[in-house]
Amino acid sequence: MAGVLGRVLATIVLVLSVVVDPGSAVADESPRLYTNPISAAAADTFADPVLIRGKDGFWYAVSTSDPLREGEIFRHQLPILRSADLTTWEHVADVFSTATRPVWMAPDAELWAPDIRYVDGRYLLYFMVTDTNLYPGGDSAIGVATADSPVGPWSDAGGPLVAPRPDTEGGFKWTFDPAMFTDSDGTRWLYYGSYLGGLVVVPLSADGLRVTGEEIQISTSHRYEGAYVVRHGDWYYLFGSASNCCAGPTAGYSVFAARARGPAGPFIDRDGDSLLESRTGGTPVLQPNGNTWIGTGHNAMIRDTAGQEWLVYHAIDRDDPYLNRPFVDVERPMLLDRLDWIDDWPVVRAGAGASDGPQRAPVVAGPVGDRFERSGLGPGWRTPAPGWAVLPATGTDSGGLLRHGGPGRDRLWSTARIPADLQFDVDLRLPREEGAAGVTVRLGADGEEVTATIDRRAGALVVDLYSGGGHDRRATPLPRDFRYGTWHTLSVRIDGRTLTASVTEDRLGNPVAQQARSVPPRPRDGALALTADGAAELDNVSAAPAARLGRNPVPTPEPGRLDRSRSDEFGTVLDPAWRWVRPDPAATVAGGALRWPAQAADLVGTTNNAGVLLRDAPDGDYLVETKLGLALGEDSTRNYQQAGLIAYAGDDDFARLSQVAIWNTRQLEYGRELPYAGALSFGGMALTAPAETTWLRLAHSVGETGEHRFRSAASRDGEHWTWGGTWTFPAGPAPRIGLVAHGGDTPPVTAVFDYFRVYRR
């Protein structure tokens, strides 16, 4: 834990002078820094994290029931952390205790992968149980609990929401990793599943407590788990995690995305590949990048008060992968990094991936910020303000709040100067049959202004624009069963001349109403007012400069000069610079290609009976590329026939990028084996969908400490490349580079390598 402690102390030093008071009317705008992992002060490990902003103004995180401290194995049953700033966390409660665990759990069952939402005035928590008392052994299921506050007390529903699902072979499908989503029409959906059975979605009742329809398959089996869905623009984006979450120092767990026009799919990736196909699609969002963090996966999302989205996920420190027992207690703390949208596809830090050094923190304060926890209006509001009153806490969740008693229309003006581009949020509820509440933003000096409200009389999100002496009123209907008397969040973003207003229950990327329109240009600074017509209650008001969302992608490696002395076009004979580890006489050069029948052999583990064709690598940075033909067919099981590139330091120390058959799927896997704690560790990270002819690349670079980094890439036309994750080797002699073809010879398949090229970078 020394490395983690050092990063925490560095962050404390950097932000020591910054004080954030989420309850103040005018909050500190000083830039803050943070360093991953954000959960370090509260938990050694915090796997499968999810976040929500409570109606009390604090953020809450919930995780799998991993141990929070070394030696406290499963003491905490779905632990809950709380934060005022999204980067400094404290443990405040557990969802369950030994006494309150669901009665339908088996005695030795564990609680995994929670998802927390706010629905109709209360919190719902979905969770996975590894074993129930309904069947003998291994029958995972999904439960749901309710509470009036994120810290509970939580009440289990009394039985599984999704019961164990028998498979066709006498076992059970993996009913893992629930995540709920509310569509714009108010329909609720629950996503779940894992490798054994794939991802599915079912419709839920309006209260989120019952399944109301049949499962819809949204991914093939043996590729994805950890589903999480958000709405972005007109698309529904499904995030899923792939590969092994828990392989310690070789965990290649990664996050991918695909999108659809509806919540039930079909979900298609950037290259047009479906998640339902044998050659499984998926666009990389986050993969290990060669720094401290590996196993970067199982994500959720949150948005800060500037409108910037953030990906929360767990990862593994490659130098400190376990808590107590190697290969048993994997240490997976919670990380947070900026999520960018480039060409309408999500990617972490514009493609840079997980951060392991100081980063600019989420914005949680701006010119306006108030949780109304003082007695009376604070200095950030103009007084007198007839019709408005600050009330003390009225329940277990909201803390203080601002009430407009009505009747009639009133505005409460902020004294702060509001930037031209802004992000505004307010939680509000309308307790009576008629009423409207929201925000007014002054656009200019001549009475130009825009007002966005949740309007109970209109049954809509209403935006009124007053400009040039005219009035343009537009209404976006809210769902028919919208409950105005419970908390909802009204958000308004002004970016240039575009205003976007939306209504959500929990600020988690699932608007139930959204409206975009053009507005006149604004002066640099303006004014903002809370507005209400009739009885209304408001809380958690914030206005901050709008985050800059458009970013250029981080550059990816490019080939330089072709090094002909280290390349081979496979003309008529094998270049004499090649060297074999365990020669395979079946591999021949003919017709301008190396043809190599896949061997009934492998390198993973201690058998080490597969042939490896190698040559020395050049010094410094370089890129190696091959064009591979491999006719693995589709859908059938032919584990684990494969072929591709390899970086080889030894039989038990290699990184292998290959097209491979994994049960019914055809994938590109970038695997790594290395010795650890007296044994061998192997794990892999997936890439994009392969074709029968696929181009592969490994880009080598030398890190500051002299370690060797190999980043993977693939293409299906040799021109458009998808770059993936990075594996590292220690400083010292450079690994050799080469080719492999093994994993099984039934049915027969021959790998065809058109060339092997090395480019200097």
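Throughout, residue positions are numbered sequentially from 1 according to the sequence presented. In this text, all values refer to a predicted model and were calculated from it rather than measured experimentally. Note that these values count all heavy atoms, side chains included, but never hydrogens, waters or copies made by symmetry.
- Ring centroid separation for the pair W341 and Y237 comes in under the 6.0 Å cut-off.
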task = Please step through side-chain contact (heavy atoms from CB on, under 4.5 Å) for the pair S65 and L78, ending with a clear verdict.
result = CA-CA 5 Å; S65 294; L78 300 174; 3.8 Å; yes
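- P284 and W723 make their closest contact through CG-O, 4.2 Å (heavy atoms, listed as atom of the first residue, atom of the second, distance).
- No side-chain donor from either of D115 and Y228 sits under 3.5 Å from a side-chain acceptor of the other.
- Among all heavy-atom pairs drawn from A350 and R338, the shortest one is N-NH2, 3.8 Å.
- Separating the CD1 atom in I302 from the CD1 atom in I52 is a distance of 7.5 Å, to the nearest 0.5 Å.
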message = Does S355 form a side chain to side chain donor-acceptor pair (under 3.5 Å) with R349? I'd like the steps, not just the answer.
response = CA-CA 8 Å; S355 67; R349 294 202 305 140; 4.7 Å; no
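- Of all heavy-atom pairs between N244 and C246, the closest is OD1-N, 2.7 Å.
- Residues I294 and R672 have side chains not in contact (no heavy-atom distance under 4.5 Å, counting atoms from C-beta outward).
- Contact record, L275 with T280: O-CG2, 3.7 Å, taken as the closest heavy-atom pair.
- For V201, the side-chain contact (heavy atoms from CB on, under 4.5 Å) partners two or more places apart in sequence, or in a different chain, are W189, Y191, I216, I218, A264.
- Remark: R231 is positioned above the aromatic ring of Y236, its terminal NZ or CZ atom under 6.0 angstrom from the ring centre and at most 45 degrees off the axis.
- Checked against the 6.0 Å centroid threshold, Y192 and Y126 do not count as a close aromatic pair.
- Neither side chain, D48 nor W112, offers a donor N or O lying under 3.5 Å from an acceptor on the other.
- Closest of all the heavy-atom pairs between Y253 and H298 is CE2-N, 3.6 Å.
- The aromatic rings of H222 and W663 lie parallel to each other, with less than 30° between the two planes, well short of the 60° mark.
- In summary, of the residues considered (R53, E505, R507), a side-chain hydrogen bond (donor to acceptor under 3.5 Å, both in side chains) with T489 occurs for R507 alone.
- In terms of modelled atom types and a separation under 3.5 Å, the side chain of R318 and the main chain of N291 share a donor-acceptor contact.
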request  = Please assess L81 against M334 for the test side-chain contact (heavy atoms from CB on, under 4.5 Å), listing each intermediate value before the final yes or no.
outcome  = CA-CA 11 Å; L81 307 184; M334 175 171 62; 4.2 Å; yes
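- Side chain of T130 to backbone of E110: a donor-acceptor contact under 3.5 angstrom is found.
- Counting heavy-atom neighbours within 6.0 Å of R261 CZ, excluding the residue itself, gives a total above 12.
- Taking each heavy atom of G683 and A247 in turn, the nearest pair found is CA-CB, 4.2 Å.
- If you run side-chain contact (heavy atoms from CB on, under 4.5 Å) between L111 and each of V129, T64, D94, only V129 comes through.
- For the residue pair D177 and S194, no side-chain donor N or O sits within less than 3.5 Å of a side-chain acceptor on the partner.
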